[in-house]
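The next block holds one structure in the form of structure tokens; read it before the comments.
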Amino acid sequence: MANHSQKVWFITGSSTGFGRSLTEAVLQHGNRVIATARKPEQLDDLVKQYPEAAKAVRLDVTNPHEVQTAIQSALDAFGQIDVVVNNAGYGSIGAIEEISDEAIRRQFETNVFGVLNITRAVLPILRQQQSGHILNLSSVGGLVAFGATGIYCATKFAVEALSEALSKEVANMGIKVTIIEPGAFRTDFNGRSLAKPDQLMDEYKAVSGGFLQWLEEMDGKQPGDPDKAAAAMIQVVESDNPPLRLALGADAVGAIEEKLKSMQAELDAWREVSVNTAFEGAEIAAIGG
Ligand SMILES: NC(=O)c1ccc[n+]([C@@H]2O[C@H](COP(=O)([O-])OP(=O)(O)OC[C@H]3O[C@@H](n4cnc5c(N)ncnc54)[C@H](OP(=O)(O)O)[C@@H]3O)[C@@H](O)[C@H]2O)c1
């Protein structure tokens with residue numbers, strides 16, 4: 001296969017879905033991969049097919065010890081890390097009142113603290129290299145919150161904020177950050193990766209029951225092709241001018257456009273109230289200087 005760049009990719013959640021598609025695609029492109037998974041034996045076939053280029057490592061992103069070990073394995077195997085993909089995650093779906101405190105914390109532990117664990121551990125390496133690209137899997141739900149997705153979307157909004165701030169913090173260090181915002185893609189997300197509340201409440205039947213039913217009905221029929229998403233992520237990494245955000249899927253683009261329009265309309269409708277809240281004569285400076 002053509003060897004475009006020989007980058008070393010570090011991917012979390014490589015067992016199925018986006019992680020698996022991306023791992024296969026970057027190997028086909030002639031790159032090297034540290035494919036991480038909670039059950040690394042699920043990657044045995046790829047390691048067998050690409051013995052020089054693929055290494056499978058155990059990694060639960062919520063386990064700081066495994067994070068350190070996995071990163072050290074990458075350095076031991078390939079001497080560098082060029083692209084880090086924070087992909088591991090799942091969806092805790094249900095009304096805010098329906099999901100238990102424990103389930104909420106578990107969701108943040110994986111989707112937010114997991115991303116932070118990996119990112120904070122690789123940053124010293126990328127800073128020393130003066131190069132690197134971090135791809136964080138957010139979602140269309142990182143910009144738009146639908147009823148019954150408040151907890152999941154809160155984690156993805158957090159990923160958006162962390163990523164956006166990080167992109168500014170490391171811009172002059174040769175490190176790039178891209179947020180990936182998929183719509184509905186045909187992975188295990190709506191199936192085994194869907195976490196439902198222990199008990200649904202009658203009061204939220206329409207919103208939460210309806211959303212869960214929609215997710216289950218969509219399972220296996222989602223329009224998005226994870227192989228095409230993987231190709232798009234590779235295109236971003238190979239671009240000289242990668243975006244901060246990449247929406248994936250016409251459904252994601254449509255929902256984000258609607259959100260932008262409604263935010264603009266609301267800002268315009270309430271502009272007079274918004275801007276007339278300063279002390280008399282105060283100078284208005286851009287936030288952050
Ligand atoms: N598919 C969609 O429609 C969609 C849309 C927007 C965003 N996303 C995001 O895309 C990412 C990947 O999901 P997917 O759609 O590819 O679903 P998936 O096929 O269910 O894959 C989820 C992956 O995350 C891994 N994972 C979960 N918790 C983990 C942990 N604590 N440590 C390590 N790995 C863990 C799973 O590992 P195991 O095999 O061990 O369970 C699996 O490899 C997620 O962040 C998700 O929020 C998906």
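All ligand and atom numbering here is 1-based and tracks the order in the structure.
- Remark: Tyr204 engages no residue in a ring-ring contact (aromatic ring centres under 6.0 Å, His included) (not counting sequence neighbours).
- Between Arg105 and Glu109 there is no salt bridge, since no side-chain nitrogen of the basic residue lies less than 4.0 Å from a carboxylate oxygen of the acidic one.
- Salt bridge status for Lys261 with Glu257: absent, with no side-chain N to carboxylate O gap under 4.0 Å.
- Annotation: ligand 1 has protein neighbours Gly13, Ser15, Thr16, Gly17, Phe18, Arg38, Leu59, Asp60, Val61, Thr62, Asn87, Ala88, Gly89, Thr110, Leu137, Ser138, Ser139, Tyr152, Lys156, Pro182, Gly183, Ala184, Phe185, Thr187, Asp188, Phe189, Arg192, Ser193, each with a heavy atom less than 4.0 angstrom from the ligand.
- The aromatic rings of Tyr152 and Phe189 sit tilted relative to each other, their planes meeting at an angle between 30° and 60°.
- Here Leu267 sits alone; no ILVMFWY side chain lies under 4.5 Å from its own, so it joins no hydrophobic cluster.
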Under 3.5 Å, which donor-acceptor pairs do the side chains of residues 173-184 form with other protein atoms, sequence neighbours left out?
residue	atom	partner	partner atom	Å
Thr178	OG1	His133	NE2	2.8
Thr178	OG1	Pro243	O	2.8
Glu181	OE2	Arg245	NE	3.3

